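Written below as structure tokens is the structure these notes are about.
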Amino acid sequence: MKRHADVTWKGSLVEGSGSLDTQSGALKGLPLGFKARFQDESGTSGTNPEELIAGAHAGCFAMQLSHMLAESGSPADKLDVRADVTLQPAQGGGFEIVKSALTLVGNVPGLAEDKFLDMANKAKASCPVSKALGAIEITLDAKYG
């Protein structure tokens with residue numbers, strides 16, 4: 001399986017701007033820009049690569065865990081997942097992504113909390129996006145509730 005996204009960028013990094021379209025059409029004309037990446041902590045001026053990675057990681061992890069829970073006979077009523085991706089200055093210049101912190105609150109009737117936490121950790125390690133992010137720190141804060 002292959003999926004693609006297209007970006008059109010015009011101008012320099014700081015003064016320029018871009019837009020992103022995904023193959024599915026779910027994201028179309030999504031604005032990209034320097035401000036959205038490095039200056040606007042509110043996140044309201046458009047998206048950036050780190051936000052897209054965070055969405056991919058949260059989605060992949062939630063899908064992986066939901067599959068594992070269902071396969072074990074304990075499907076989740078609800079999984080709330082957040083991924084916080086950290087970008088920071090790199091030694092020698094530039095920037096680097098150093099961490100993706102997953103936060104999970106799961107509602108899984110009939111499953112013991114220790115089994116839930118074990119499966120969540122296995123899902124963190126086995127989801128394809130976690131594997132792709134193998135060069136960075138990946139953490140999980142899971143709550144059973």
Side-chain angles (χ1 to χ4, degrees), residues 1-72 74-108 111 113 115-145:
M1 172 181 17
K2 288 185 178 181
R3 294 290 183 257
H4 71 266
D6 299 302
V7 170
T8 300
W9 188 268
K10 296 178 182 176
S12 68
L13 172 63
V14 176
E15 290 86 24
S17 64
S19 65
L20 176 130
D21 299 319
T22 57
Q23 178 179 342
S24 67
L27 303 177
K28 187 158 184 63
L30 197 62
L32 296 166
F34 181 85
K35 181 178 180 183
R37 191 168 193 192
F38 295 106
Q39 296 172 338
D40 179 14
E41 286 295 321
S42 73
T44 60
S45 62
T47 193
N48 58 63
E50 293 72 34
E51 181 178 64
L52 296 169
I53 290 170
H57 200 195
C60 182
F61 170 74
M63 293 170 78
Q64 181 74 16
L65 180 55
S66 71
H67 173 69
M68 293 172 71
L69 290 165
E71 287 283 305
S72 77
S74 298
D77 276 354
K78 185 177 179 185
L79 300 173
D80 288 318
V81 179
R82 176 179 174 146
D84 288 294
V85 170
T86 302
L87 177 76
Q88 68 184 35
Q91 263 187 347
F95 289 85
E96 63 185 345
I97 295 170
V98 296
K99 182 177 183 177
S100 182
L102 295 167
T103 305
L104 164 67
V105 178
N107 183 353
V108 186
L111 185 68
E113 183 175 5
K115 180 134 173 104
F116 170 77
L117 297 174
D118 182 57
M119 292 177 83
N121 278 298
K122 287 178 181 171
K124 176 191 81 144
S126 63
C127 97
V129 174
S130 286
K131 290 178 181 180
L133 297 175
I136 68 170
E137 178 186 7
I138 298 173
T139 62
L140 173 61
D141 178 15
K143 291 181 179 50
Y144 187 78

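Only a predicted model underlies this, so the values are computations on that prediction, with no experimental measurement involved.
Separation of atoms CZ (F116) and CG (L104) is listed at 4.0 Å; rounding is to 0.5 Å. To the nearest 0.5 Å, atoms CE (M119) and CG (L111) are separated by 6.5 Å. A distance of 5.0 Å separates CE in M68 from OG in S126, rounded to the nearest 0.5 Å. Remark: D6 CG to Q23 CD distance equals 9.0 Å, nearest 0.5 Å. Put simply, SG on C127 and NZ on K122 are 15.5 Å apart, with the number rounded to the nearest 0.5 Å. Here the straight-line distance linking atom CZ of R82 with atom OG of S100 works out to 11.0 Å at 0.5 Å rounding.
Residues meeting the salt bridge (charged side-chain N to carboxylate O under 4.0 Å, His left out) test with K10, sequence neighbours left out: none. Taking the salt bridge (charged side-chain N to carboxylate O under 4.0 Å, His left out) definition, one finds that D21 meets it with nothing, sequence neighbours left out.
L30 pairs with exactly one of V7, T22, T47 by the side-chain contact (heavy atoms from CB on, under 4.5 Å) rule, that one being T47. Partner H57 forms a side-chain contact (heavy atoms from CB on, under 4.5 Å) with one of D84, L52, V81, V129 and no other, that one being V129.
Scanning both residues, L79 and G106, for their nearest heavy atoms gives CD2-CA, 3.9 Å. In terms of heavy-atom proximity, P128 sits nearest to Q64 at CD-OE1, 4.3 Å.
In terms of modelled atom types and a separation under 3.5 Å, the side chain of Y144 and the main chain of V108 share a donor-acceptor contact. In this structure, the side chain of S66 engages the main chain of A62 through a donor-acceptor pair within 3.5 Å.
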Side chains of residues 132-141: which donor-acceptor pairs under 3.5 Å do they make with residues two or more places apart or in other chains?
unit_1, atom_1, unit_2, atom_2, d
D141, OD1, K143, NZ, 3.2
D141, OD2, K143, NZ, 3.1

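Around atom CE of M63, no more than 12 heavy atoms belonging to other residues, nucleotides or ligands sit under 6.0 Å away.
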